[in-house]
Amino acid sequence: MRREDICVATFDCYGTLVDWEGGAASFLYALALRLGDPSPDPGMALRERWEAIQFELLAGGYRPYKEILAESLRVWAEERGYPWDPAYGEDLVRAMRSWQPFPDTRPALLQAHAAGLRLVILSNTDRDIMAHTLRQLDLPFERVIVAEDVGAYKPSERGFRFLLEQVAEPPEHILHVAFGFKYDIGPAQRLGFHTAWVNRHVEAPPGPEQPDFIWRDLWGLAEFAGGPGPVPSGAPSHR
């Protein structure tokens with residue numbers, strides 16, 4: 001794959017651009033304390049179990065993402081013996097709207113865009129939550145596609161097919177960049193996209209797919225696009 005062959009970079013949003021893991025772990029740990037658990041498991045362990053529940057729900061028939069969030073949280077709470085109140089689901093939606101980008105997200109994507117890449121989001125969420133997230137990102141996305149637009153959640157290929165229609169480019173001209181290996185890498189590759197896995201925790205791949213790139217952060221995209229990468233403000237680039 002040559003840089004000049006790629007004209008569009010597409011992204012999973014939560015976990016790739018936005019700190020989904022940290023935001024969810026903090027929310028769940030705080031909720032456990034609020035419900036009287038004196039010694040919850042570490043936040044990341046709580047988040048891993050909750051996400052596994054959510055992944056199973058996403059594989060079912062489409063329903064609004066706020067319902068998925070609430071139902072997955074209810075099941076998680078019941079497993080841990082916590083009392084349930086539907087208001088907790090609403091609390092999670094509010095929290096998700098405010099989760100913040102990783103420090104590398106904005107500068108790396110701005111470099112990629114300045115180098116000529118079109119930027120597009122394909123996310124397992126809804127328009128309401130994404131509208132708030134876009135305020136946090138403040139980036140020049142050409143298109144933002146959410147599960148609500150297509151009536152399906154990744155790893156279904158339906159969203160990727162819709163994306164291809166929207167960007168009007170063949171898949172071999174697109175690089176899909178994602179943290180969610182099991183949500184994104186497989187379906188994107190099956191449809192002919194090039195792929196980059198953002199492996200921030202240096203983990204073993206959770207599946208047999210082999211991405212074109214494995215990056216610790218989004219600076220890999222900036223450098224692939226031809227940008228200077230993580231150069232301090234005012235410092236010369238030696239690329």
Side-chain angles (χ1 to χ4, degrees), residues 8-28 31 46-76 86-102 105-106 109 119-167 176-188 193 197-198 200 218:
V8 183
T10 59
F11 303 90
D12 170 45
C13 183
Y14 300 97
T16 303
L17 308 179
V18 169
D19 187 4
W20 155 273
E21 289 186 310
S26 295
F27 174 85
L28 294 170
L31 180 60
L46 299 178
R47 194 273 311 162
E48 286 174 2
R49 177 57 192 146
W50 167 69
E51 187 173 0
I53 295 167
Q54 180 185 243
F55 187 77
E56 293 177 3
L57 293 174
L58 293 176
Y62 177 80
R63 52 178 161 160
Y65 189 59
K66 290 184 180 67
E67 293 183 13
I68 296 286
L69 286 176
E71 179 64 10
S72 59
L73 187 60
R74 184 191 65 78
V75 172
W76 174 88
Y88 302 154
E90 297 168 8
D91 292 341
L92 179 54
V93 170
R94 281 192 293 271
M96 191 171 175
R97 289 170 179 154
S98 66
W99 291 346
Q100 293 298 298
F102 292 104
T105 296
R106 291 199 72 254
L109 266 64
L119 308 179
V120 175
I121 284 177
L122 175 63
S123 177
N124 273 359
T125 186
D126 62 20
R127 298 187 198 105
D128 171 71
I129 294 173
M130 180 57 69
H132 291 275
T133 295
L134 291 174
R135 294 190 186 113
Q136 317 300 333
L137 291 168
D138 189 24
L139 282 163
F141 293 106
E142 177 182 304
R143 292 184 183 276
V144 177
I145 299 165
V146 296
E148 185 178 1
D149 297 325
V150 295
Y153 293 101
K154 298 176 292 184
S156 167
E157 296 176 3
R158 188 167 168 180
F160 290 94
R161 295 183 185 280
F162 183 78
L163 184 155
L164 288 172
E165 296 173 0
Q166 295 296 303
V167 302
H176 187 63
V177 183
F179 150 84
F181 196 101
K182 63 185 179 181
Y183 294 90
D184 289 78
I185 302 300
F193 290 67
W197 180 34
V198 182
R200 293 183 181 271
L218 292 166

Starting at [atom1] of [X], measure out to [atom2] of [Y] and round the result to the nearest 0.5 Å.
X: Phe160; Y: Lys154; atom1: CZ; atom2: NZ; answer: 5.5 Å
X: Ser98; Y: His132; atom1: OG; atom2: NE2; answer: 10.0 Å
X: Met130; Y: Met96; atom1: CE; atom2: CE; answer: 7.5 Å
X: Ile121; Y: Ile145; atom1: CD1; atom2: CD1; answer: 10.0 Å
X: Arg97; Y: Thr125; atom1: CZ; atom2: OG1; answer: 10.0 Å

Please output the side-chain donor-acceptor pairs of residues 55-70 that fall under 3.5 Å, not counting sequence neighbours, one pair per line with the distance.
residue : atom : partner : partner atom : Å
Tyr65   : OH   : Gln54   : OE1          : 2.7
Lys66   : NZ   : Asp126  : OD2          : 2.8
Lys66   : NZ   : Asp128  : OD2          : 3.3

Looking at every non-hydrogen atom in both residues, tell me the closest pair between [X] and [Y] and how far apart they are.
X: Thr133; Y: Cys13; answer: CG2-SG, 3.8 Å
X: Ala178; Y: Asp184; answer: CB-CB, 3.4 Å
X: Leu109; Y: Leu17; answer: CD2-CD2, 4.0 Å
X: Phe179; Y: Gly15; answer: CB-O, 3.1 Å

Examine the side chains of Ser72 and Trp50 and answer whether a donor and an acceptor come within less than 3.5 Å of each other.
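Yes.
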
Should the pair Trp20 and Tyr14 be assigned to parallel (<30°), tilted (30 to 60°) or perpendicular (>60°) ring geometry?
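Plane angle between 30° and 60°, so tilted.
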
Do [X] and [Y] come within less than 4.5 Å of each other through their side chains, counting heavy atoms only?
X: Gln100; Y: Asp19; value: no
X: Val150; Y: Ser156; value: no
X: Tyr183; Y: Asn124; value: yes
X: Leu73; Y: Leu31; value: yes

So, the side chain of Arg106 versus the backbone of Leu137: is there a donor-acceptor pair under 3.5 Å, distance only?
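Yes, Arg106 side chain to Leu137 backbone: donor-acceptor pair under 3.5 Å.
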
Leu46 vs Trp76, test: side chain to side chain contact (heavy atoms under 4.5 Å, CB included). Steps then yes/no.
CA-CA 9 Å; Leu46 299 178; Trp76 174 88; 3.9 Å; yes

Going by side chain to side chain contact (heavy atoms under 4.5 Å, CB included), Glu51 matches just one of Arg47, Arg49, Glu48. Which one?
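Among the candidates, only Arg47 passes.
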
Reference residue Pro187; test side chain to side chain contact (heavy atoms under 4.5 Å, CB included); the match among Glu157, Arg161, His176:
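Single pass found, and it is Glu157.
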
Would Gln166 and Val120 count as a side chain to side chain contact (heavy atoms under 4.5 Å, CB included) here? Give the steps.
CA-CA 10 Å; Gln166 295 296 303; Val120 175; over 6 Å; no

So Thr105 and Val18, side chain to side chain contact (heavy atoms under 4.5 Å, CB included) or not? Walk me through it.
CA-CA 8 Å; Thr105 296; Val18 169; over 6 Å; no

Hey, mind stepping through Arg143 and Thr10 against side chain to side chain contact (heavy atoms under 4.5 Å, CB included) and telling me if it holds?
CA-CA 9 Å; Arg143 292 184 183 276; Thr10 59; over 6 Å; no

